Every structure is written in structure tokens, then in C-alpha cells.
Amino acid sequence: MTTIDLRRLHIRPGDVREERLDVELEPFVLGGQRYESAPSHLPVEVEISRASGATIFDLQLDVRVTGPCMRCLAFAEIECHVSAREFNDPDAPKADELRSDYVTDDHLDVGAWARDAIALELPEQILCRPDCAGLCPVCGKDLNAEPHEHTEREPDPRWAALEQFRGV
Ligand SMILES: [Zn+2]
Ligand SMILES: [Zn+2]
């Protein structure tokens, strides 16, 4: 668990603090496949400021996630920049949006927040390339390497003969 002890920072209204820390990320499981962040120790930047009773947290990170392409299972990687903001006012009622879920006993849980923020940013489909053709649903071959179609039935030889005849 990677946290920031907010009491240690003594932030007063008008103050802005920048904290940099490394968060260790567990792999993400999407559609039954594992996607790992590289590096697994991810540098995260959190800017902390205060305004009228509430503390404002701004998180920034860049992550590279690698795993199997969701269409053809080849290697896929995506890079994304993640930025997120949380507010915390300890006097706000519970479940209020000014009460951050990531603050407990004056500790900001940067690890959990970074992980959730990345999960929100990941595309629904992680692909080796945007136009990946995927695997053939009939024979299972990679359609990127061997583009092909299966006709529903083998063509009738009499038909082929007729085509030939018409072509002349
Ligand atoms: Zn693919
Ligand atoms: Zn096929």
C-alpha cells in the first residue's frame, strides 16, 4: 500500500505541494486475460493544495500496459496518460463527493487511487493495432497473416462450369 501521510505535510490554504512516489501495480484482469503495467513500479505525481477547508489532490501518471490482443491474442501494448482529481473535506458528511474514498485517517491511498484511475482510462478493447482483423471464427487462423473468407458451401462444380462458360 502506497500512501501519503497528510498530517506530515501541514498544508495550509494557499499552499501547493508536489509529491512523487512509486506505486506498485498488480496486473489488471480484463476479459479473463492479464494485462501488466510496465514498469510495475510506476512513478506517480500528486499535487496537493487547499482551498476553503477542502484538500485538493491532482494525480498524474503515464502508464504502458501490455498483454494479449483481445482479437488475435498477439502482443499488444497501449500507453495512456492518466490525470484525476479528488477532493477531501474531513467535515463533509460521509459519502459526500467532497469526502474522498481514498483518504483514511489523514492518509491518501495513492496506490488504490492510481489503480482505479488507470482502470477507468483503459480502452474497452486492447488491440495489437486498431484495425486488427482477429482470428477466423471458422478455422481459427490469424486473419492478419492470412486474410481469407469461407464460403458457406463448397461451390457446386456445375456452377463453376457455368461461370466459365459465361466468361468466354
Ligand atoms: Zn490483434
Ligand atoms: Zn478461416
Side-chain angles (χ1 to χ4, degrees), residues 1-4 17-49 56-88 95 97 99-104 107-168:
M1 205 158 96
T2 313
T3 62
I4 296 175
R17 296 288 169 81
E18 269 195 22
E19 294 280 304
R20 282 159 196 273
L21 56 172
D22 283 354
V23 164
E24 196 181 339
L25 281 179
E26 296 277 305
F28 294 88
V29 177
L30 302 169
Q33 306 281 0
R34 273 165 70 99
Y35 294 89
E36 301 196 23
S37 116
S40 62
H41 280 79
L42 190 72
V44 174
E45 209 178 282
V46 183
E47 194 181 274
I48 304 157
S49 56
I56 303 153
F57 304 102
D58 283 295
L59 172 137
Q60 307 269 355
L61 62 89
D62 287 291
V63 68
R64 203 163 65 94
V65 176
T66 62
C69 169
M70 288 183 177
R71 284 190 198 147
C72 75
L73 303 179
F75 176 81
E77 70 176 348
I78 53 149
E79 282 179 42
C80 54
H81 176 77
V82 175
S83 67
R85 171 171 277 190
E86 284 284 316
F87 296 94
N88 190 60
E97 60 177 21
R99 275 280 283 270
S100 173
D101 294 338
Y102 302 110
V103 177
T104 318
H107 284 76
L108 174 69
D109 188 347
V110 181
W113 184 20
R115 192 182 161 78
D116 289 352
I118 293 168
L120 284 175
E121 207 64 39
L122 289 178
E124 237 165 83
Q125 293 252 293
I126 295 177
L127 302 176
C128 59
R129 58 184 210 218
D131 61 346
C132 171
L135 300 179
C136 173
V138 178
C139 69
K141 282 186 184 154
D142 184 350
L143 290 171
N144 297 303
E146 279 181 66
H148 65 276
E149 280 176 37
H150 296 265
T151 39
E152 258 176 75
R153 258 180 288 159
E154 286 305 311
D156 189 315
R158 285 170 301 177
W159 249 96
L162 188 64
E163 287 293 306
Q164 218 168 26
F165 180 73
R166 289 213 310 216
V168 174

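Counting starts at 1 for both ligands and their atoms, in listed order. Just so you know, these numbers come straight off a predicted model, no measurement behind them.
When rounded to 10 degrees, the angle formed at the Zn ion (ligand 2) by NE2 (His150) and SG (Cys139) equals 120°. Rounded to 10°, the angle formed at the Zn ion (ligand 2) by His148 NE2 and Cys136 SG is 110°.
Taking 2.8 Å as the limit, the number of protein N, O or S atoms around the Zn ion (ligand 1) is 4.
Glu19 CD: more than 12 foreign heavy atoms inside a 6.0 Å radius.
The distance from atom CD of Glu45 to atom CG of Leu61, rounded to the nearest 0.5 Å, is 9.5 Å.
Here Arg34 pairs with Glu36 in a salt bridge; the nearest charged N to carboxylate O distance falls below 4.0 Å.
In this structure, Leu25 and Leu42 approach most closely via the heavy-atom pair CD1-CD2, 3.7 Å. Among all heavy-atom pairs drawn from Ser100 and Asn88, the shortest one is N-OD1, 3.0 Å.
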field: Trace of the side-chain hydrogen bond (donor to acceptor under 3.5 Å, both in side chains) decision for Glu121 with His81
entry: CA-CA 8 Å; Glu121 207 64 39; His81 176 77; over 6 Å; no

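Partners of Tyr102 by side chain to side chain donor-acceptor pair (under 3.5 Å), not counting sequence neighbours, listed by chain and number: Asp116.
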